[in-house]
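First comes the structure, then the notes that go with it.
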Protein chains: 2
Amino acid sequence: MSKVNIKVLAEELQLSVSTISKALRDSYEISDETKKKVMELATRLNYIPNPYASSLRKKKSKTIAVVLPEVADNFFSLAINGIQSIAETKGYHVLIYLSHEKYANEKTILEDCQSGRVDGVLISISSETKSGDQIHKLQANNIPVVFFDREEESIETARVTTNDYECGLIAANHLLNRGCRRPAFLSISESLPICLNRIEGFKAALQETGIPDADRQIIYCTDNDSMYKQIKTILQSDNRPDGLIASVEKIVTPVYLACHELNINIPNDVKVIAFATLDTAPILDPPLTTITQPAFEIGKAAATLLFKGIEKSTFDLSKEHMVIPSVLIERESTRAAN
Amino acid sequence: MSKVNIKVLAEELQLSVSTISKALRDSYEISDETKKKVMELATRLNYIPNPYASSLRKKKSKTIAVVLPEVADNFFSLAINGIQSIAETKGYHVLIYLSHEKYANEKTILEDCQSGRVDGVLISISSETKSGDQIHKLQANNIPVVFFDREEESIETARVTTNDYECGLIAANHLLNRGCRRPAFLSISESLPICLNRIEGFKAALQETGIPDADRQIIYCTDNDSMYKQIKTILQSDNRPDGLIASVEKIVTPVYLACHELNINIPNDVKVIAFATLDTAPILDPPLTTITQPAFEIGKAAATLLFKGIEKSTFDLSKEHMVIPSVLIERESTRAAN
DNA sequence: CATATTCTCGCAACCGTTTTCGTAAATAAA
DNA sequence: TTTATTTACGAAAACGGTTGCGAGAATATG
């Protein structure tokens with residue numbers, strides 16, 4: 001067991017611990033000769049500094065927290081990749097926490113983040129979250145917070161999102177242009193800005209085209225377990241939608257399965273477009289038209305902002321609202337009838 | 001900013017820091033009355049203990065590291081979920097590290113894990129890894145290590161895998177039973193036991209059925225970027241395989257795309273089966289036959305073992321080889337011609 | 001040669017908690 | 001009442017680094 005710490009090195013070289021510490025940190029106070037000796041011994045004995053001792057003294061943990069609703073979702077997986085890629089270059093460590101879409105969990109997690117364990121927090125809030133109290137507390141403790149994708153609107157801090165309103169509009173117009181007259185929007189939350197904004201865009205498009213109110217359905221698929229049933233019910237209803245916009249990736253599979261089960265043809269009977277970063281989109285039956293979010297880039301950008309906030313306390317995160325646009329990738333699932 | 005620590009509480013209540021510390025930890029040495037006062041003040045001032053100070057003193061970090069090749073993969077995402085679900089109940093924190101399938105990265109990560117930052121390590125090794133040196137060092141430092149899915153065979157420690165050999169056999173037999181005579185196995189590594197074992201099963205099945213050597217292709221798709229091209233080349237070759245076994249999830253999309261592009265019909269021209277936990281498998285074109293790995297359960301089991309190893313130093317991990325079987329889910333992509 | 005500077009290094013406090021040990025007061029036993 | 005015992009707490013030393021400051025030696029400056 002390597003109990004080798006600074007004290008051991010000091011002993012061995014007949015130097016003081018402070019000298020060792022400074023030598024290892026390449027301080028100008030130490031002669032090159034001594035530095036060399038210290039470094040050499042350190043590598044020879046496989047000295048590895050204890051990060052917690054250092055954190056305690058320096059009040060910096062070189063660690064960030066990433067709080068997200070779930071990880072079994074391509075969007076979040078890719079975002080983590082983006083975050084990690086930046087953290088790596090900065091020498092930061094990444095703690096992952098999952099809220100499982102529950103506000104109570106999120107609260108507990110964020111409380112812990114006040115402990116000094118992390119220098120900053122990247123968060124995509126749960127679909128239940130309606131209050132920014134916990135995040136305010138973090139900010140009061142000088143812990144920078146950056147939202148990515150799912151933000152809490154009342155909080156003043158940096159956020160990296162995609163052009164949700166516009167994409168809602170684009171998605172709706174896409175359906176309308178392909179002949180839909182009764183499009184429905186499948187949301188997962190009544191409070192998440194990403195959903196609200198996309199819905200606003202959706203509504204605006206229908207408004208403009210003059211689709212009657214009765215034919216503008218917005219459906220809330222809040223519960224994961226009942227989603228499939230709920231979608232089947234919708235597809236069997238009298239005024240069955242002729243177009244569906246899936247607000248998030250996890251709605252896609254139940255929609256497709258329901259259509260297959262009910263012998264409803266995509267795109268002839270109902271056209272489907274989804275907000276998703278699914279890499280199987282092109283090989284689905286039929287290939288799925290997506291609004292593809294730049295998940296990796298969002299993660300990278302959010303992390304970059306967070307580190308700016310961490311490293312320069314003068315940097316004002318509150319005005320940083322970055323929008324990275326998504327792109328519509330048209331495939332078979334929304335092909336117009338011919 | 002809450003600079004409230006034990007010292008502040010002590011000051012406020014005119015007690016010593018040791019008394020506060022003991023009261024908070026509900027020590028028998030402290031009177032109920034004092035405990036109550038301390039607790040009350042602690043919650044009132046929103047006292048949150050500094051984990052690093054505690055870690056330093058107790059030499060326990062209540063943190064584990066999860067080292068994996070990548071996170072944009074359903075298998076690993078689900079595994080993380082499983083790990084996290086156990087860590088949560090145990091009050092542990094989870095650091096995520098990505099090797100990006102590079103041994104050099106993995107090495108750096110594992111070196112850092114010797115610092116005392118973590119109490120244990122869960123790892124699924126990179127496809128490049130051929131040496132167990134780094135992991136030996138961890139063990140020498142009394143840091144328990146548990147493998148999940150991708151193991152390094154020379155290391156004596158707990159591992160949670162699935163029945164790879166058997167599944168290789170099952171997958172191959174499945175193809176053979178559906179009429180394939182020139183099945184190919186698409187691997188991603190020449191050293192990973194998961195691949196080697198699956199290949200062994202594959203070979204055994206072909207052997208038994210008497211498929212000639214020349215018709216037992218094992219193809220190594222090591223490079224992510226060239227995978228699509230490589231697969232196309234294979235599908236255009238003279239002795240084109242009539243069945244494909246994708247050893248991991250990420251091979252699926254390129255295979256399907258290549259077949260579509262080349263107008264090769266699945267399952268009539270080539271049958272496809274994949275080791276995957278893809279939840280879009282049933283809605284692919286055609287629905288994909290999978291060997292579905294119990295990713296979530298593997299994560300849970302591995303974490304459970306790791307915590308046993310962490311919490312009781314007497315617990316001998318070295319003999320814990322847990323195998324959680326995968327299941328074959330048959331779908332259209334391997335339907336027999338009729 | 002005297003004084004000022006620069007170069008190296010050690011001392012000791014500190015970060016926030018935990019834990020051992022000692023001890024005064026309160027209670028029980030004799 | 002005296003002697004054990006228990007109860008409730010405090011002092012201080014850890015844990016492993018970091019850092020401000022002081023000081024001796026070496027060098028430069030006048």
Side-chain angles (χ1 to χ4, degrees), chain A residues 1-39 41-42 45-63 91 112 114-119 141-142, chain B residues 1-39 41-42 45-63 91 112 114-119 141-142:
Chain A
M1 51 231 89
S2 97
K3 317 180 84 82
V4 41
N5 55 25
I6 278 195
K7 219 169 292 176
V8 172
L9 298 183
E11 187 87 8
E12 189 81 14
L13 291 173
Q14 291 299 319
L15 289 170
S16 75
V17 293
S18 54
T19 302
I20 304 291
S21 174
K22 288 171 187 168
L24 291 171
R25 321 190 80 243
D26 200 29
S27 160
Y28 68 96
E29 290 184 56
I30 307 298
S31 72
D32 290 344
E33 191 187 6
T34 306
K35 278 180 192 170
K36 198 170 301 176
K37 280 200 297 188
V38 172
M39 301 290 194
L41 184 67
L45 298 189
N46 191 32
Y47 165 71
I48 299 178
N50 182 309
Y52 296 152
S54 156
S55 291
L56 188 56
R57 179 61 223 248
K58 298 207 288 190
K59 299 198 162 239
K60 283 289 161 207
S61 65
K62 280 280 186 175
T63 304
D112 183 272
Q114 295 172 55
S115 66
R117 190 187 295 280
V118 297
D119 295 341
N141 283 21
N142 280 322
Chain B
M1 48 230 89
S2 95
K3 316 178 82 84
V4 42
N5 55 24
I6 281 194
K7 219 170 291 177
V8 172
L9 298 183
E11 186 88 8
E12 189 80 14
L13 291 174
Q14 290 298 318
L15 289 170
S16 76
V17 293
S18 52
T19 302
I20 305 290
S21 174
K22 289 171 189 166
L24 291 171
R25 321 190 82 244
D26 199 30
S27 160
Y28 69 96
E29 290 183 58
I30 306 299
S31 72
D32 291 345
E33 192 188 5
T34 306
K35 279 181 191 170
K36 197 169 302 174
K37 279 199 298 187
V38 172
M39 301 290 195
L41 183 67
L45 298 191
N46 191 33
Y47 165 72
I48 299 179
N50 182 309
Y52 295 153
S54 163
S55 291
L56 186 57
R57 180 61 224 245
K58 298 206 290 189
K59 301 196 159 242
K60 283 289 160 208
S61 64
K62 279 276 185 181
T63 304
D112 183 272
Q114 296 174 52
S115 67
R117 190 188 294 281
V118 297
D119 296 341
N141 283 21
N142 279 320

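Each chain gets a letter, A, B and so on, in the order its sequence line appears, and its residues count up from 1.
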Of the listed nucleotides ([options]), which one gets closest to any side-chain atom of [X]?
X     : options                : result
A:S16 : D:dC15, C:dC11, D:dT19 : C:dC11
A:E29 : D:dG17, C:dC9, C:dT18  : C:dC9
B:L56 : C:dC9, C:dG16, D:dT19  : C:dG16
B:S54 : C:dT17, D:dC9, C:dG16  : C:dT17
B:R57 : D:dC15, D:dG10, D:dG17 : D:dC15
A:S21 : D:dT18, D:dG17, C:dC15 : D:dT18
B:R25 : D:dT18, D:dC9, C:dT19  : C:dT19

Between [N] ([atom2]) and [X] ([atom1]): distance, integer Å:
X     : N      : atom1 : atom2 : value
A:I30 : D:dG20 : CD1   : P     : 14 Å
B:E33 : C:dA26 : CD    : C1'   : 14 Å
B:N50 : D:dG17 : CG    : C1'   : 14 Å
B:K3  : C:dC14 : NZ    : P     : 15 Å
B:L15 : C:dT17 : CG    : P     : 16 Å
A:D26 : D:dT18 : CG    : C1'   : 15 Å
B:L13 : D:dC9  : CG    : C1'   : 13 Å
B:Y28 : D:dT5  : OH    : P     : 17 Å

Answer yes or no: does a side-chain N or O of B:K7 lie under 4.0 Å from OP1 or OP2 of C:dC15? yes
Any B:S55 side-chain nitrogen or oxygen under 4.0 Å from OP1 or OP2 of C:dT17: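 No.
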Backbone of A:S61 reached by a side-chain donor or acceptor of A:D119 within 3.5 Å: yes
A:S18 (side chain) and C:dC11 (base): donor-acceptor pair under 3.5 Å: yes
Would you state whether a donor and an acceptor, one from the side chain of B:K22 and one from the base of D:dT7, lie under 3.5 Å apart?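 No such pair is found, so the answer is no.
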When rounded to the nearest 0.5 Å, the distance separating OG of A:S55 from CZ of A:R117 is 11.0 Å
Separation between CG of A:N5 and CD of A:E11, rounded to the nearest 0.5 Å: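 Reported to 0.5 Å precision, the distance equals 10.5 Å.
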Please lay out, stage by stage, how A:L56 and B:N50 fare under the test side-chain contact (heavy atoms from CB on, under 4.5 Å). CA-CA 9 Å; A:L56 188 56; B:N50 182 309; 4.2 Å; yes
Full working for side-chain contact (heavy atoms from CB on, under 4.5 Å) between B:Y47 and B:L41: CA-CA 8 Å; B:Y47 165 72; B:L41 183 67; over 6 Å; no
Under 4.0 Å, counting only non-hydrogen atoms across every strand here, what does B:P49 touch: a base, just sugar-phosphate, or nothing?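 Here B:P49 touches the backbone only, sparing every base.
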Hey, does A:I20 reach any base, or is it just sugar-phosphate, or nothing, if we go heavy atoms under 4.0 Å? nothing
Which atoms form the tightest heavy-atom contact between B:K3 and B:V8, and what is the distance?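 It is O-CG2, 3.8 Å.
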Assign each of B:Y52 and A:K35 to its nearest nucleotide of DNA chain C by heavy atoms, then name whichever residue's nucleotide is nearer the 5' end.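 Nearest nucleotide further toward 5': that of A:K35.
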